[in-house]
There are 2 protein chains.
Amino acid sequence: MLLNHIRNYYPLSEEAQATLYDCFEQVILNKNDYLLHEGKICRHLYFLEKGALRGYYILDGKEITHWFGFEQDFVTSFHSFITQAPAVENIQLLEGSILWAISKEKLSRLFNQYHEIERLVRIAYEKYYIRLEERFVNAQFKSATERYEGLLQTRPYILERIPLGHIASYLGISQETLSRIRSRL
Amino acid sequence: MLLNHIRNYYPLSEEAQATLYDCFEQVILNKNDYLLHEGKICRHLYFLEKGALRGYYILDGKEITHWFGFEQDFVTSFHSFITQAPAVENIQLLEGSILWAISKEKLSRLFNQYHEIERLVRIAYEKYYIRLEERFVNAQFKSATERYEGLLQTRPYILERIPLGHIASYLGISQETLSRIRSRL
DNA sequence: ATGCTCTTTTGACATTAGTCAAAAACAGGA
DNA sequence: TCCTGTTTTTGACTAATGTCAAAAGAGCAT
């Protein structure tokens with residue numbers, strides 16, 4: 001699954017593909033388990049083979065879910081993973097999941113070994129950056145209703161798999177407001 | 001200036017530094033000139049030696065300024081530069097400025113030539129990503145007043161150089177609201 | 001100083017979204 | 001089926017922010 005994903009989406013030589021694949025280790029976790037707790041340093045990047053999870057942090061005593069991960073996503077606490085500083089967020093499983101983990105050290109070694117793997121990650125960052133830019137624009141300049149409609153169009157499956165409370169906080173609105181938006185449509 | 005900046009902030013071999021530097025060309029523009037118009041493809045990355053500019057797009061007939069660039073920033077329309085699709089945003093000079101431009105083709109050639117330059121850009125993306133993540137969290141989960149106070153603390157110079165209307169839209173609030181927040185503090 | 005333009009502030013009112021509390025709907029286990 | 005805990009919806013009220021219009025202030029050329 002992971003190997004297929006790499007093969008299909010990333011233009012790597014056979015050798016680099018195999019070496020990359022060998023660096024991942026399988027992790028299996030249950031619903032409500034934590035992949036990362038606030039305050040810990042996130043030392044791994046994960047590929048999510050099956051399942052769902054969320055990143056959230058606490059603001060004014062409330063949980064703010066700021067991203068979800070699903071099948072075929074690479075996930076981590078980017079801030080902590082990049083800086084190796086303690087995480088401000090928690091990563092929690094929303095469903096029982098199968099993941100594949102690679103440590104930051106292994107990844108760095110791969111960068112030295114294969115220019116093409118570092119390129120791949122550079123390009124992956126470009127894509128992540130663009131997506132985050134879109135979300136940023138949505139967050140700051142679109143109304144709650146528009147954000148909800150956008151989510152409906154681009155990732156409707158989220159609405160079926162995730163409790164409304166998490167989705168409301170992901171959209172940056174209260175659960176009551178989300179409920180009212182839905183009843184209006 | 002550009003060369004110094006590269007020397008000071010990026011760990012490159014002398015050879016790579018020199019080659020990189022040679023790929024930039026100076027651009028001088030006046031206040032209110034445009035570096036990029038909506039609909040055009042952005043083919044260059046710029047280093048801003050002196051001056052100030054903003055990226056904005058039109059939403060519901062209004063200009064939305066979503067970023068500013070100042071001295072020593074690398075700027076471009078990231079979305080268009082990365083995807084080579086027509087830009088949705090405009091980049092406009094807020095002051096007469098001195099810039100240095102490098103084309104996407106030249107940069108790609110440098111990536112092939114020097115692994116270390118591609119690494120540098122990969123790392124730069126990590127930094128940009130983290131900053132954008134912070135702005136995103138601010139936009140979605142902080143109040144207008146908190147966003148203004150944050151700007152005051154982290155980049156007070158913006159407030160002296162940029163008209164309030166642009167700043168309000170950068171903060172995602174109306175100019176009137178910004179004016180009222182300021183009078184309260 | 002005068003007039004012109006652009007920027008910033010103020011006022012009155014409308015709209016959006018948040019909060020708190022309670023009711024309704026749903027889901028899973030005994 | 002009934003109970004229990006969780007999720008979702010509804011109601012009443014409040015707070016934050018937006019909109020439109022007008023006034024005040026600043027900068028600059030004449």
Side-chain angles (χ1 to χ4, degrees), chain A residues 30-33 52 54 56 58-66 68 92-96 135-152 156-185, chain B residues 30-33 52-54 56 58-66 68 92-96 136-152 156-185:
Chain A
N30 296 317
K31 182 168 173 169
N32 295 328
D33 284 353
R54 67 175 180 131
Y56 75 89
I58 307 291
L59 189 69
D60 302 330
K62 270 176 298 190
E63 291 185 1
I64 306 288
T65 296
H66 60 135
F68 296 112
Q92 184 188 33
L93 282 277
L94 295 171
E95 302 172 2
R135 280 199 72 198
F136 167 69
V137 167
N138 275 332
Q140 188 144 6
F141 305 112
K142 300 270 174 80
S143 71
T145 308
E146 288 170 316
R147 295 205 294 278
Y148 175 72
E149 285 170 340
L151 191 65
L152 255 185
Y157 58 88
I158 290 191
L159 296 159
E160 334 228 293
R161 287 172 73 171
I162 310 286
L164 275 199
H166 293 340
I167 293 174
S169 109
Y170 176 77
L171 291 171
I173 57 183
S174 71
Q175 174 161 334
E176 294 90 329
T177 297
L178 178 55
S179 175
R180 288 183 179 111
I181 288 171
R182 280 154 59 91
S183 73
R184 249 180 268 143
L185 302 180
Chain B
N30 296 317
K31 181 167 175 172
N32 294 328
D33 284 352
L53 36 73
R54 65 175 181 132
Y56 75 89
I58 306 291
L59 190 69
D60 303 331
K62 271 176 297 190
E63 291 186 0
I64 307 287
T65 296
H66 61 134
F68 295 112
Q92 185 188 32
L93 284 276
L94 295 172
E95 301 173 1
F136 167 70
V137 167
N138 275 334
Q140 187 143 6
F141 305 112
K142 301 270 175 79
S143 71
T145 308
E146 288 170 315
R147 295 205 294 280
Y148 175 72
E149 283 170 341
L151 190 65
L152 255 185
Y157 57 88
I158 290 190
L159 296 159
E160 331 227 296
R161 287 172 74 170
I162 310 285
L164 273 200
H166 293 340
I167 292 173
S169 111
Y170 176 78
L171 291 171
I173 57 183
S174 70
Q175 173 161 332
E176 294 91 331
T177 297
L178 177 55
S179 175
R180 289 185 178 107
I181 288 170
R182 280 155 59 91
S183 75
R184 248 179 269 142
L185 302 181

Self-check item: Integer-rounded Å distance: C:dC13 C1' and B:Arg180 CZ
Solution: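 From B:Arg180 CZ to C:dC13 C1': 11 Å.
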Exercise. Calculate the interatomic distance between B:Ile181 atom CD1 and D:dA15 atom P; express it in whole Å.
Key: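 Nearest whole value for this atom pair: 17 Å.
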Quiz item: For C:dG18, does either OP1 or OP2 sit under 4.0 Å from a side-chain N or O belonging to A:Lys62?
Solution: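 Checking A:Lys62 against C:dG18: no side-chain N or O falls below 4.0 Å of OP1 or OP2.
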Self-check item: Side-chain N,O (A:Arg182) to OP1/OP2 (D:dT9) below 4.0 Å
Solution: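 Yes, such a contact exists.
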Practice problem: Check whether any side-chain heavy atom of B:Gln140 sits under 4.5 Å from a side-chain heavy atom of A:Phe136, and report yes or no. | Solution: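 No, every pair of side-chain atoms sits at 4.5 Å or beyond.
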Quiz item: For DNA chain D, what residues of residues 157-169 of chain A have any heavy atom nearer than 4.0 Å?
Solution: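 A:Pro163, A:Leu164, A:Gly165 - these, ordered by number, are the residues of the stretch whose heavy atoms sit under 4.0 Å from the strand.
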Exercise. Output the residues of residues 171-179 of chain B in contact with DNA chain D, where contact means a heavy atom of the residue under 4.0 Å from an atom of the strand; sort by number or write none.
Key: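 Of all residues in residues 171-179 of chain B, the ones placing a heavy atom under 4.0 Å from DNA chain D are B:Gly172, B:Ile173, B:Ser174, B:Glu176, B:Thr177.
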Self-check item: Degree of bending in the helix from C:dA1-D:dT30 to C:dA30-D:dT1 once both end axes are built from five pairs, to 10°
Solution: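 Terminal axis comparison yields 30°.
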Self-check item: Pairwise distance CD1(A:Ile173) to CG(A:Leu178) - rounded to 0.5 angstrom
Solution: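 Nearest 0.5 Å value for the CD1-CG distance: 4.5 Å.
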Quiz item: Rounded to the nearest 0.5 Å, how far apart are CZ of B:Arg184 and OG1 of B:Thr145?
Solution: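 Rounded to the nearest 0.5 Å, the CZ-OG1 separation comes out at 5.5 Å.
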Practice problem: Check whether any side-chain N or O of A:Arg54 sits under 3.5 Å from a backbone N or O of A:Gln92 as a donor-acceptor pair, and report yes or no. | Solution: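 Checked: no pair found.
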Quiz prompt | Over all atoms of both residues, closest heavy-atom pair of B:Ser169 and B:Thr65 | solution =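 Nearest heavy atoms, B:Ser169 then B:Thr65: OG-N, 2.6 Å.
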